[in-house]
Protein chains: 2
Amino acid sequence: MGKADNTRSTILQKAFELIYKNGYQATSIDVIIATTHVTKGAFFYHFKSKEEMGLAIIKEVMYPGMAAAMIDPLLDGKDLPDKIYQMMKGLLLGNPFFIVEYGCPAINLIEEMSPLNPAFKDALTQLVVKWQHAIEQVLTRAQQSGNIRPDLSPRQIAFFIVTGYSGVRNMGKVFGPGCYDDYLSELKGYLQKLS
Amino acid sequence: MGKADNTRSTILQKAFELIYKNGYQATSIDVIIATTHVTKGAFFYHFKSKEEMGLAIIKEVMYPGMAAAMIDPLLDGKDLPDKIYQMMKGLLLGNPFFIVEYGCPAINLIEEMSPLNPAFKDALTQLVVKWQHAIEQVLTRAQQSGNIRPDLSPRQIAFFIVTGYSGVRNMGKVFGPGCYDDYLSELKGYLQKLS
DNA sequence: GAAAAAACATACCACCTAGTACGTTATGGG
DNA sequence: CCCATAACGTACTAGGTGGTATGTTTTTTC
């Protein structure tokens, strides 16, 4: 990675963290270049606008991050429903970077920007859809092998799980870390009753 | 209601709508006074700062609104779990003011402001807690009369339901109105398995 | 109906915002 | 070594931001 690529990815990483904590609109370019020690000329050389930087963050920082935390854990050999439960548990309790009071970077951005910017909405929709499909696939296979009742809809269950994650990340902002345990406990009960 | 009270509540109502659509930080005082045809002097006579106006919106617009839509439906004589399901259905599909792509005003504000402003966080926490307690109370009574299994935790279930609402309001922003039906259908199944 | 206070109106300010203009330095291929 | 271009640096702008200073009008109170 050359020096130029390094500046670019430094901007993306630091801006991602600032946006995670304060929101996209509340994170000014001036603050980004101040914390990264990158000048304005360099910033606008790498990104023609703030929006372009925001979209780059979604695609180059959030996509890989969510694949690692949200999808990869679904690929190993554990059985249903424990596989989904463990994925969720790792997501909520196992990531040292996430701060409960700040929620989830992707969920936050959906909340803030989906209604305001179609390009953001599209990029973020893809992110959620990918996760939901990965969960749905796991559920479908479990249904085929008889681990889940045949009258249930994997697509619908997957959506219910995704909404639950989105919601608990938001409620964590007001209730703090303790509520993650309540959610996980209830999720476990819900998942067990699928079979 | 005198003329002065009228200006004040006009500001609160219009600002509430603007914030609902664009977010709190993205809604400037200049835009508020432009759409309400209220001058800046009048605005700052009624509210000493933008923050004070925001808190007034939570307490004077959101509190009553959420009591009507979220708590009152729990007080009539229907049986569990249909009572909770009907409340949620009314909340998601029965409110003509809410726009699916914009989510829920209260949830949006929690997402945006809880990490940034303690006063906002406190006011919004109260709002959620009240709702959660109302749901919990209904569940506890149902448990006492044998409609819900005794080994389940009403508090935990109530929290699970609140997170689900928060989440589906957020996912509605990317998936549109259709996903509300999926959520309600899965919620119904979840509630039925409580007894 | 006059004094007092509430309610509103206008003009302004210091600061922040995304973005630009234009100059300078670093780098890699011939 | 040259020089084209990539990469970066500095200074600036036009418009928006929350908030204030200072006035004028309207309403209440006696």
Side-chain angles (χ1 to χ4, degrees), chain A residues 1-58 60 108-109 112-113 115-120 123, chain B residues 1-58 60 108-109 112-113 115-120 123:
Chain A
M1 186 166 67
K3 193 161 177 290
D5 289 343
N6 188 44
T7 351
R8 189 189 143 91
S9 65
T10 304
I11 293 173
L12 288 180
Q13 189 57 42
K14 280 285 178 189
F16 167 76
E17 293 171 20
L18 288 167
I19 291 171
Y20 172 41
K21 298 193 178 178
N22 304 312
Y24 172 81
Q25 295 173 102
T27 302
S28 71
I29 295 176
D30 283 4
V31 169
I32 294 172
I33 66 176
T35 60
T36 51
H37 306 293
V38 164
T39 58
K40 197 157 265 192
F43 181 93
F44 279 98
Y45 170 77
H46 286 286
F47 309 100
K48 77 171 204 288
S49 68
K50 189 187 178 187
E51 180 183 9
E52 190 179 286
M53 181 211 63
L55 293 172
I57 287 178
I58 297 176
E60 296 171 40
N108 291 356
L109 208 54
E112 180 183 3
M113 296 306 295
L116 301 178
N117 187 311
F120 275 71
Chain B
M1 187 166 69
K3 193 162 176 289
D5 290 342
N6 187 45
T7 15
R8 190 189 142 89
S9 65
T10 305
I11 293 172
L12 289 179
Q13 190 57 44
K14 279 286 177 190
F16 166 77
E17 293 171 21
L18 289 168
I19 290 171
Y20 172 41
K21 297 194 178 177
N22 304 312
Y24 173 80
Q25 296 174 102
T27 301
S28 72
I29 296 176
D30 283 5
V31 169
I32 294 172
I33 66 176
T35 60
T36 51
H37 305 292
V38 164
T39 59
K40 197 160 263 194
F43 180 94
F44 279 97
Y45 172 78
H46 286 285
F47 309 100
K48 76 169 205 289
S49 66
K50 189 188 178 187
E51 180 183 10
E52 190 178 286
M53 180 211 63
L55 293 171
I57 288 177
I58 297 175
E60 298 172 40
N108 291 356
L109 208 54
E112 180 184 3
M113 295 307 293
L116 300 179
N117 187 311
F120 274 71

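A note on names: the letters A, B, ... follow the listed sequences, proteins ahead of strands, and every chain is numbered from 1. Keep in mind the model is a prediction, meaning the values are calculated, not measured. Side chains included, hydrogens not; waters and symmetry mates left out as well; all remaining heavy atoms used.
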Rounded distance (Å) that lies between atom [atom2] of [N] and atom [atom1] of [X]:
X	N	atom1	atom2	value
B:Phe44	C:dA9	CZ	C1'	14 Å
B:Asn6	C:dA6	CG	C1'	16 Å
A:Tyr45	C:dT25	OH	C1'	13 Å
A:Phe43	D:dT10	CZ	P	17 Å
B:Arg8	C:dA6	CZ	P	15 Å
A:Glu52	C:dA18	CD	P	15 Å

Could you grab the distance from atom CZ of B:Phe16 to atom CG of B:Leu109, nearest 0.5 Å is fine?
9.5 Å
Looking at side-chain heavy atoms only, is the closest gap between B:Ile11 and B:Phe47 below 4.5 Å?
yes
Using a heavy-atom distance cut-off of less than 4.0 Å, which residues of residues 24-40 of chain B contact DNA chain D?
B:Thr27, B:Ser28, B:Ile29, B:Asp30, B:Lys40
Taking side-chain contact (heavy atoms from CB on, under 4.5 Å) as the test, write out the residues that go with B:Lys50, two or more places apart.
B:Tyr24, B:Ile29, B:Met53
Under the side-chain contact (heavy atoms from CB on, under 4.5 Å) rule, collect the residues that match up with A:Ala119, sequence neighbours excluded.
A:Glu51, A:Leu55, A:Asn117
State whether A:Thr7 places a side-chain N or O below 4.0 Å from either non-bridging phosphate oxygen (OP1 or OP2) of D:dC8.
yes
Does A:His46 put a side-chain nitrogen or oxygen below 4.0 Å from OP1 or OP2 of D:dC8?
yes
Give a yes or no on whether the backbone of A:Gln25 and the side-chain of A:Glu112 come within a donor-acceptor separation of less than 3.5 Å.
yes
Do you know which of A:Thr36, A:Ile19, A:Ile33 makes side chain to side chain contact (heavy atoms under 4.5 Å, CB included) with A:Lys14?
A:Thr36
Any idea which of D:dG19, D:dC8, C:dG19 is nearest the A:Ala42 side chain?
D:dC8
What's the closest nucleotide to the side chain of A:Lys50 if the choices are D:dG18, D:dA6, C:dA18?
C:dA18
